[in-house]
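What follows is a short report on a single structure.
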Amino acid sequence: MAIITVASNGERIHVEDGETILSGLYKAGFAYTVGCRRGGCGVCKIDVTEGSITHNRPVADSVITPEELSDGTCLSCRAVPDQDVTIRMRDSSLRLINPLLRQINDKARERAEAGSTAPKEL
Ligand code: FES
């Protein structure tokens with residue numbers, strides 16, 4: 001699991017292993033501007049300012065350039081956090097659309113964080 005921190009508002013979102021940033025945001029009750037959701041349009045670009053991601057499928061240089069990748073830009077619909085990450089949205093379209101999902105995600109994050117700091121039983 002990983003925690004996504006949204007730089008603009010401090011939201012902390014729990015994602016399961018292998019889950020994309022876009023999926024994690026939606027499952028936590030947030031929505032923002034997206035297009036194809038398949039790595040083909042580039043509308044969902046965001047900046048990863050801390051941590052690292054891996055795109056779960058190859059992405060075309062015409063959608064995201066090598067320079068953008070090296071600067072921390074990623075496609076949120078294909079980006080899977082390798083570890084905890086901090087992201088910056090490209091516009092102000094991130095909005096909470098389902099507070100109940102956010103509460104559920106908050107509980108999952110709290111449980112995951114408690115589990116990761118709890119002493120391991122031998
Ligand atoms: S929504 Fe089209 S590349 Fe992500």
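Just follow the structure's listing: the first ligand is 1, and inside any ligand the first atom is 1. As the structure is a computational prediction, the values presented were derived from the model and not from experiment. All values below were derived from every heavy atom in this structure, side-chain atoms included, with hydrogens, water molecules and symmetry-related copies excluded.
For ligand 1 and Arg37, the ligand atoms under 4.0 Å from any heavy atom of the residue are 1 (S), 2 (Fe). Residue contact check: Gly40 has heavy atoms under 4.0 Å from atoms 3 (S) of ligand 1. Every atom of ligand 1 with a heavy atom of Gly39 under 4.0 Å away is listed here by number and element: 3 (S). Ligand-side atoms of ligand 1 in range of Cys41: 1 (S), 2 (Fe), 3 (S), range being under 4.0 angstrom from any heavy atom. Heavy-atom contacts of Cys44 reach the following atoms of ligand 1: 1 (S), 3 (S), 4 (Fe) (cutoff under 4.0 Å). Counting atoms of ligand 1 from 1 in the listed order, those under 4.0 Å from a heavy atom of Gly35 are 1 (S).
Inspection of the Asp71 and Thr73 side chains reveals no N or O donor paired with an N or O acceptor under 3.5 Å. A side-chain donor from one of Thr33 and Ser93 sits under 3.5 Å from a side-chain acceptor of the other. Residues Thr5 and Glu11 bring no donor and acceptor atom of their side chains to less than 3.5 Å of each other.
Geometrically, Arg37 engages Tyr26 in a cation-pi contact defined by less than 6.0 Å to the ring centre and at most 45° from the axis.
More than 12 non-hydrogen atoms from other residues, nucleotides or ligands lie less than 6.0 angstrom from CZ of Arg95.
Here the closest non-hydrogen pair linking His14 and Ile3 is CA-CD1, 4.1 Å.
Checking Cys36 against atom 4 (Fe) of ligand 1, every N/O/S atom stays at or beyond the 2.8 Å cut-off.
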